[in-house]
Amino acid sequence: MAKYSLPRGTKDYLKEECARYDYINNVLSEMATLYGFEHIQTPIFEHTDVFTRSVGESSDIVNKEMYTFLDKGGRSITLRPEGTAGVCRAYVENKCYATCEIPFKAYYSGPVFRYERPQAGRYRQIHQFGFEVIGVKNPYLDVEIILLAHQSLLALGITNYVFKLNCIGDDESRNNYKQALKEYFEPHLNELCEDCKVRFIKNPLRILDCKVDGDKEVIKNAPRISKYLTEDSKNYFVKVCMLLDKYQVPYEIDQSLVRGLDYYTGTVFEIACLGPNGENFGAIGGGGRYDNLIKEFDGPDTPAFGMAFGMERLLLIMDKYNLFNADLIRTFSYCMPIGEENMEYASFICNYLRSNGFPCDIDYRNRSIKAMFKTVDKRHAQFALIIGDDERKNNTVNVKNNETKEQVNIKFEQLIPFFENYFNNFSKHHDECHCDECKGE
RNA sequence: GCGGAUGUGGCGAAGCGGCCUAACGCACCUGACUGUGACUCAGGCAUUCGAGGGUUCGAAACCCUUCAUCCGCCCCA
């Protein structure tokens, strides 16, 4: 066993897993671009109060899950537990409200940290791919982001998910509702768990999210937000639902959904997706409207909407459903020098191909042909280049197409034209062909 | 943060106080086959049982501590 091991709840992404991660990241980036988003990056740590003020004192994230430490200058620093707060801080700090196009549409991708007890699909360092739109309040926008998530999942091949949707209302609605909840729960305080007693004071909305008392009549019978929504909030949400119907997005309304972050207002959602055997790995993504957050960071009063995917959850779900191609990792060609004495020529060929832009790798271990062919298969190489005494003496390369198993002896100076020709035919085939294999590309 | 289970080579797994210098299967390496991937056959591949300590004449097995993983709760991505 290794003397040095990973910190709990973290993991190494080795080649295959990294290739899968990159694949998802690419699909989502392309989707973001399709919807008019631009890439931004913010630091993975911020001053602690960036999160306490936005994510909220009553949230579990701030209460018990943050990686917070003092830096050498005595500042309280926190590894970001989510992406939105940093984006909003950056938006205000860089005065994007004045210098950028409104709405400000940005996507980001990277690690976030939460100190939780690890489980399957749950880590302390996870990666989120998120989208934020700052500057617009319009049901069409809420729906645009949900559509973006919807289309992204379809592009990844994920199908059996559902958007759980709720409206937690504007300030007025929520204040009315909080008041009603307080009045309702006050006489029942003793029936609630310890956590909920704290929630009662800090944010009674949280009580609805409690699973400990989830079955208890008290919570079941609690007033519903829908009754306390202002006309505006109600109409807005109805419009959102109507549009989702129109676009045939799979969603259901879940009035107990309040989200674990305090900054949400209005439309909120989580994406639930079960494994092939009904396993529940938690939400694969979530988000919502946060109309007060920019103001909270001392920016102008600006509405906003955002969402994020959990990369680890996507990775897990896609793996369970076998949605990854087997050959995400591939080598175009692999040089097989037969015997030490052919190493020099083989190495020359390999570098020659590389300098002409054709990916190539070479076997350095003076192994048997059998062993090298196994490597060719394992690395999904398109071509095996067999280089032995005959080839070296005649300045040729024995090129074996690993797919068709056809083998030709090619003069050194014909190598590049040969591969160029191969590529041209390949893309020509690609353009004209409508077979299943090519359609998806 | 709470409750439960588990930890033996790259992987799966037997062994549950001495015959363990750790079975078996897969994978891997070498050769039979001086240059074509299969099959077959022969051989190789854990001084060591997550780590540290203790009990014992003797420990992978028993005890303690610790680390990690998995499941449930909580929460979410």
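Residue numbers begin at 1 in each chain, while the letters A, B, ... track the order of the sequences.
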Engineer: Please report, rounded to the nearest Å, how far the P atom of U30(B) is from the NZ atom of Lys374(A).
Structural biologist: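 That distance rounds to 9 Å.
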Engineer: C45(B) and A27(B): how far apart are their C1' atoms, nearest whole angstrom?
Structural biologist: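 C45(B) and A27(B) have their C1' atoms separated by 11 Å.
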Engineer: Measure from the side chain of Arg114(A), starting at C-beta and using heavy atoms only, and say which of C74(B), C76(B), G35(B) lies closest.
Structural biologist: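 That would be C76(B).
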Engineer: Can you tell me which nucleotide in G35(B), U30(B), U36(B) comes closest to the side chain of Asp389(A)?
Structural biologist: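 Nucleotide nearest to Asp389(A)'s side chain: G35(B).
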Engineer: Please answer whether the main-chain N or O of Phe358(A) pairs with a side-chain N or O of Asn356(A) as donor and acceptor at a distance below 3.5 Å.
Structural biologist: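 Such a contact is absent between Asn356(A) side chain and Phe358(A) backbone.
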Engineer: Rounded to whole angstroms, how far apart are CZ on Phe269(A) and P on C76(B)?
Structural biologist: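 Phe269(A) atom CZ is separated from C76(B) atom P by 15 Å.
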Engineer: Gly121(A) near the nucleic acid: base, sugar-phosphate alone, or nothing, with a heavy-atom cut-off under 4.0 Å?
Structural biologist: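 Touches a base.
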Engineer: Below 30° counts as parallel, above 60° as perpendicular, anything between as tilted: where do the rings of Phe332(A) and Phe423(A) land?
Structural biologist: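 Phe332(A) and Phe423(A): parallel rings.
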Engineer: Just N and O in the side chain of Arg259(A): are any of them under 4.0 Å from OP1 or OP2 of C76(B)?
Structural biologist: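 The answer is no; no side-chain N or O of Arg259(A) sits under 4.0 Å from OP1 or OP2.
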Engineer: What contact category does Gln119(A) fall into here, base, sugar-phosphate, or nothing, at under 4.0 angstrom with non-hydrogen atoms?
Structural biologist: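 Contact class for Gln119(A): base.
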Engineer: Does any nucleotide pair with U21(B) by Watson-Crick or G-U wobble geometry, both distances under 3.5 Å, and what is it?
Structural biologist: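 The answer is none; no pair meets the criterion.
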Engineer: Applying the Watson-Crick and G-U wobble criteria at under 3.5 Å, what pairs with U40(B)? Answer none if nothing qualifies.
Structural biologist: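 Its partner is A32(B).
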Engineer: Can you find a donor-acceptor pair, distance only, under 3.5 Å between Gln407(A) side chain and U36(B) base?
Structural biologist: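 Pair found.
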Engineer: Provide the distance between the two C1' atoms, one in C62(B) and one in C75(B), to the nearest whole Å.
Structural biologist: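 The same atom, C1', in both gives a distance of 39 Å.
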Engineer: Now, which nucleotide makes the Watson-Crick or G-U wobble pair with U69(B), with each of the two distances under 3.5 Å?
Structural biologist: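 Per the H-bond distance test, A5(B).
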Engineer: Can you find a donor-acceptor pair, distance only, under 3.5 Å between Arg8(A) side chain and C67(B) base?
Structural biologist: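 Counting by modelled atom types and ignoring angles, no donor-acceptor contact under 3.5 Å is found here.
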Engineer: Counting any heavy atom closer than 4.0 Å, what does Ala120(A) reach on the DNA or RNA strands: base, sugar-phosphate only, or nothing?
Structural biologist: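 The answer is sugar-phosphate, as Ala120(A) gets under 4.0 Å only of primed atoms, P, OP1 or OP2.
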Engineer: What nucleotide among U36(B), C75(B), A77(B) has an atom nearest to a side-chain atom of Asn398(A)?
Structural biologist: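 Taking heavy atoms from C-beta onward, the closest nucleotide is U36(B).
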Engineer: Output, in order, the C-alpha distance, side-chain angles, deciding distance and verdict of salt bridge (charged side-chain N to carboxylate O under 4.0 Å, His left out) for Arg80(A) and Glu46(A).
Structural biologist: CA-CA 7 Å; Arg80(A) 65 180 180 197; Glu46(A) 298 271 357; over 6 Å; no
Engineer: Mind checking who A59(B) pairs with, Watson-Crick or G-U wobble, both distances under 3.5 Å?
Structural biologist: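 When the pairing criteria are applied, nothing turns out to pair with A59(B), so the answer is none.
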Engineer: Applying a 4.0 Å non-hydrogen cut-off, can you work out what Arg367(A) is touching in the nucleic acid: base, sugar-phosphate, or nothing?
Structural biologist: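 Sugar-phosphate, backbone atoms only, no base.
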Engineer: Taking the C1' atom of each, how far is U69(B) from G50(B), in whole Å?
Structural biologist: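 Looking at atom C1' only, U69(B) and G50(B) are 10 Å apart.
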Engineer: Salt bridge (charged side-chain N to carboxylate O under 4.0 Å, His left out), that's the test. Do Glu186(A) and Lys182(A) meet it? Break it down for me.
Structural biologist: CA-CA 6 Å; Glu186(A) 183 121 50; Lys182(A) 283 206 170 189; over 6 Å; no
Engineer: Heavy atoms only, 4.0 Å cut-off, all strands: where does Gly388(A) land among base, sugar-phosphate and nothing?
Structural biologist: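 The answer is base, as Gly388(A) lies within the cut-off (heavy atoms under 4.0 Å) of a base atom.
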Engineer: Does any N or O in the side chain of Asp49(A) come within less than 3.5 Å of the main-chain N or O of Thr52(A), such that one atom is a donor and the other an acceptor?
Structural biologist: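 The answer is no, because no donor-acceptor pair under 3.5 Å joins these two groups.
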Engineer: When the C1' atoms of A68(B) and U8(B) are considered, how many whole Å apart are they?
Structural biologist: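 It works out to 15 Å between them.
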Engineer: Taking CG from Leu6(A) and P from A51(B), how many angstroms apart are they, rounded to a whole number?
Structural biologist: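 Value for this atom pair: 17 Å.
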Engineer: May I ask you to decide if the ring planes of Tyr352(A) and Phe412(A) are parallel, tilted or perpendicular, using 30° and 60° as cut-offs?
Structural biologist: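 Geometry flag for Phe412(A) against Tyr352(A): tilted rings.
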Engineer: Using a distance-only criterion (donor-acceptor N/O pair, under 3.5 Å, no hydrogens), is the base of G35(B) paired with the side chain of Glu391(A)?
Structural biologist: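 Per atom types, the contact qualifies.
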Engineer: So what's G52(B) paired with, Watson-Crick or G-U wobble, going by both distances under 3.5 Å?
Structural biologist: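 Matched G52(B) with C64(B) under the 3.5 Å cut-off.
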Engineer: Taking the side chain of Lys378(A) as heavy atoms from C-beta outward, which of G1(B), C28(B), A77(B) is closest to it?
Structural biologist: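 Shortest atom-to-atom distance from the side chain points to C28(B).
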Engineer: Could you give the distance separating U48(B) and U30(B) at their C1' atoms, to the nearest angstrom?
Structural biologist: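 About 25 Å, rounded to a whole number of Å.
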Engineer: Return the value, rounded to whole Å, for the distance between atom CG of Asp319(A) and atom P of A77(B).
Structural biologist: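 Rounded to the whole Å, the gap is 22 Å.
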Engineer: Please pick, from G4(B), U30(B), C74(B), the nucleotide with the shortest atom-to-atom distance to any side-chain atom of Ser368(A).
Structural biologist: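 In terms of side-chain proximity for Ser368(A), the closest of G4(B), U30(B), C74(B) is U30(B).
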Engineer: Please say which of Tyr91(A), Phe305(A), Phe131(A) ends up in a ring pair (Phe, Tyr, Trp, His ring centres under 6.0 Å) with Phe104(A).
Structural biologist: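 With Phe104(A) as partner, Tyr91(A), Phe305(A), Phe131(A) yield a single ring pair (Phe, Tyr, Trp, His ring centres under 6.0 Å), made by Tyr91(A).
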Engineer: Given G35(B), A77(B), C74(B), which nucleotide is nearest the side-chain atoms of Asp390(A)?
Structural biologist: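 Selected nucleotide: G35(B).
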Engineer: Nearest to the side chain of Lys370(A) - C74(B), U69(B), U40(B)?
Structural biologist: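 Of C74(B), U69(B), U40(B), U40(B) is nearest to the side chain of Lys370(A).
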Engineer: By the 4.0 Å heavy-atom rule, please label Ile284(A) as base, sugar-phosphate, or nothing.
Structural biologist: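 Sugar-phosphate, no base atom in range.
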Engineer: Both Gly310(A) and Ile386(A) contact RNA chain B. Taking the nearest nucleotide for each, which residue is further toward the 5' end?
Structural biologist: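 This one resolves to Ile386(A).
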Engineer: Expressed in whole Å, how much space separates the C1' atoms belonging to A5(B) and G10(B)?
Structural biologist: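 The answer is 25 Å between these two C1' atoms.
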Engineer: Flag the pair Tyr67(A) / Tyr115(A) as yes when their ring centroid distance falls below 6.0 Å, and as no otherwise.
Structural biologist: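 Ring centroids of Tyr67(A) and Tyr115(A) are less than 6.0 Å from each other.
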Engineer: Of all the nucleotides listed (C76(B), C74(B), G35(B)), which has the minimum atom distance to the side chain of Arg313(A)?
Structural biologist: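 For the Arg313(A) side chain, the nearest candidate turns out to be C76(B).
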Engineer: Measure the distance from CD on Glu82(A) to P on A77(B) and round it to the nearest whole Å.
Structural biologist: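 Roughly 9 Å, once rounded to whole Å.
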Engineer: Would you say Lys320(A) has more than 12 foreign heavy atoms packed within less than 6.0 Å of its NZ?
Structural biologist: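 Count not over threshold, so no.
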Engineer: Applying a 3.5 Å limit to both distances, which nucleotide forms a Watson-Crick or G-U wobble pair with A27(B)?
Structural biologist: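 Its partner: none found.
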Engineer: Is there a donor-acceptor contact under 3.5 Å from the side chain of Asn166(A) to the main chain of Phe269(A)?
Structural biologist: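 Such a contact is absent between Asn166(A) side chain and Phe269(A) backbone.
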Engineer: Suppose you measure atom C1' in C76(B) against the same atom in G17(B); what distance do you get, rounded to whole Å?
Structural biologist: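 Roughly 47 Å separates the two C1' atoms.
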Engineer: Report the base-pairing partner of A14(B) (Watson-Crick or G-U wobble, both distances below 3.5 angstrom), or none.
Structural biologist: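 None - no nucleotide pairs with A14(B), as no candidate has both distances under 3.5 Å.
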Engineer: Find the distance Tyr334(A):OH to U36(B):P and express it as a whole number of Å.
Structural biologist: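 About 18 Å, once rounded to whole Å.
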Engineer: As a test of reading the structure: which of C75(B), G35(B), A77(B) is closest to the side chain of Asp60(A), going by heavy atoms?
Structural biologist: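 Within the option list, the nearest is C75(B).
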Engineer: Expressed as a whole number of angstroms, how long is the span from Asn409(A):CG to G35(B):P?
Structural biologist: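 Those two atoms, CG and P, are 17 Å apart.
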Engineer: Counting the atoms with a prime plus P, OP1 and OP2 as sugar-phosphate, which does Phe309(A) contact under 4.0 Å by heavy atoms, base, sugar-phosphate, or nothing?
Structural biologist: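 Here Phe309(A) touches no strand at all.
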Engineer: With a 4.0 Å cut-off on heavy atoms, is Gln128(A) in touch with a base, just the backbone sugar-phosphate, or nothing at all?
Structural biologist: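 Result for Gln128(A) = sugar-phosphate.
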Engineer: Given the C1' atoms of A46(B) and C24(B), what is the spacing between them in whole Å?
Structural biologist: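 Approximately 15 Å lies between the C1' atom of A46(B) and that of C24(B).
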Engineer: Applying a 4.0 Å non-hydrogen cut-off, can you work out what Gly83(A) is touching in the nucleic acid: base, sugar-phosphate, or nothing?
Structural biologist: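 Result for Gly83(A) = nothing.
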Engineer: Below 4.0 angstrom from OP1 or OP2 of C76(B), is there any side-chain N or O of Arg124(A)?
Structural biologist: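 So the side-chain polar atoms of Arg124(A) never come under 4.0 Å of the phosphate oxygens OP1 or OP2 of C76(B).
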Engineer: Has the side chain of Gln125(A) got a donor or acceptor atom sitting under 3.5 Å from an opposite partner on the base of A77(B)?
Structural biologist: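 It does not, because no donor-acceptor pair links the side chain of Gln125(A) to the base of A77(B) below 3.5 Å.
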Engineer: Which sits closer to the 5' end of RNA chain B, Ala384(A) or Asn280(A), going by the nucleotide each is nearest to?
Structural biologist: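 On the 5' side of the pair lies Ala384(A).
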Engineer: Grab the CZ-C1' distance between Arg122(A) and C75(B) for me, whole Å please.
Structural biologist: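 Interatomic distance, CZ of Arg122(A) to C1' of C75(B): 6 Å.
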